[in-house]
Amino acid sequence: MNAPMTFDAEDVKDDMEDHNNPLVLTLPIAGCNIRKVLIDGGRSVNVLFYDTFKRMELNDEQMMSSYYNIYGFNGAPMKPLGDIVMQVNAGPMKVDTRFSVVDAPSPYNAIII
């Protein structure tokens, strides 16, 4: 996503002040409301976890081949199962976003940079 997503004081509820929690949202991705999407600008790729991919009723044939490794889930390199481009809706923005699909445990369903 090249367009910035911003929040202002009106978006903060009284019980949300002085927190250091990660930004976790529910976002429409490919027509599915995906909960527990971590927004993490420190990553280098967008990640969709394979169990979420399957719950979205997508099939492996929809993935494109991946020719790279991802580092950081357990410190070892991991080859994605494949990549897929899906539309992400964030407010008025509709952005075609490339995700690397990985088969790894995670408390999140997706990670977006």
Side-chain angles (χ1 to χ4, degrees):
M1 296 178 150
N2 293 330
M5 182 182 299
T6 60
F7 299 90
D8 58 30
E10 294 174 6
D11 296 313
V12 178
K13 297 182 175 131
D14 291 334
D15 61 345
M16 294 173 62
E17 291 185 29
D18 298 325
H19 69 86
N20 292 316
N21 298 329
L23 180 58
V24 179
L25 304 172
T26 297
L27 289 175
I29 300 175
C32 299
N33 279 331
I34 305 299
R35 295 182 301 164
K36 296 193 291 182
V37 177
L38 175 66
I39 308 301
D40 184 356
R43 299 279 178 193
S44 58
V45 296
N46 299 304
V47 174
L48 181 69
F49 292 95
Y50 190 61
D51 59 335
T52 305
F53 177 87
K54 291 310 248 182
R55 283 195 313 271
M56 293 173 74
E57 299 182 358
L58 301 169
N59 60 58
D60 292 1
E61 291 78 32
Q62 293 175 269
M63 283 189 267
M64 300 170 280
S65 296
S66 295
Y67 299 101
Y68 53 87
N69 288 321
I70 297 174
Y71 295 85
F73 294 106
N74 60 4
M78 171 184 281
K79 184 168 182 0
L81 299 174
D83 289 352
I84 189 166
V85 176
M86 297 183 292
Q87 187 177 77
V88 176
N89 297 346
M93 296 185 337
K94 295 180 181 179
V95 180
D96 287 337
T97 304
R98 185 181 194 113
F99 289 90
S100 294
V101 180
V102 297
D103 192 7
S106 174
Y108 305 105
N109 292 312
I111 301 173
I112 295 181
I113 55 175

Please name the pair of heavy atoms, one in [X] and one in [Y], separated by the smallest distance, quoted to 0.1 Å.
X	Y	answer
Met63	Tyr50	CE-CE1, 4.2 Å
Ala110	Phe99	CB-CE2, 4.5 Å
Leu25	Ile39	CD1-CG1, 3.9 Å

How long is the gap from [atom1] on [X] to [atom2] on [Y], to the nearest 0.5 Å?
X	Y	atom1	atom2	answer
Asp83	Asn46	CG	CG	10.0 Å
Arg98	Ser66	CZ	OG	7.0 Å
Glu57	Cys32	CD	SG	7.5 Å
Thr52	Lys36	OG1	NZ	8.5 Å
Lys79	Tyr68	NZ	OH	8.0 Å
Ile84	Leu58	CD1	CG	5.0 Å

Any Val101 side-chain heavy atom under 4.5 Å of Pro80 side chain: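 A side-chain contact is absent here, since even the closest heavy-atom pair is not under 4.5 Å.
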Test Phe53 against Leu81 for side chain to side chain contact (heavy atoms under 4.5 Å, CB included), laying out the working first. CA-CA 11 Å; Phe53 177 87; Leu81 299 174; over 6 Å; no
Mind running side chain to side chain contact (heavy atoms under 4.5 Å, CB included) on Ile34 and Leu27 for me, showing each step along the way? CA-CA 5 Å; Ile34 305 299; Leu27 289 175; 5.7 Å; no
Do Leu48 and Leu23 share a hydrophobic cluster, counting only Ile, Leu, Val, Met, Phe, Trp and Tyr and linking them when any side-chain heavy atoms are less than 4.5 Å apart?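 Yes, Leu48 and Leu23 fall within the same hydrophobic cluster.
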N/O donor-acceptor pair under 3.5 Å between Asn89 side chain and Lys94 backbone: no
Given Val47, Val24, Val37, the one that forms side chain to side chain contact (heavy atoms under 4.5 Å, CB included) with Tyr108: Val24
Could you walk me through whether Lys54 and Asp60 pass the salt bridge (charged side-chain N to carboxylate O under 4.0 Å, His left out) test, one step at a time? CA-CA 9 Å; Lys54 291 310 248 182; Asp60 292 1; 3.7 Å; yes
Does CZ belonging to Arg35 count more than 12 external heavy atoms closer than 6.0 Å?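 Counting neighbours around CZ of Arg35, 12 or fewer heavy atoms of other residues, nucleotides or ligands fall under 6.0 Å, so no.
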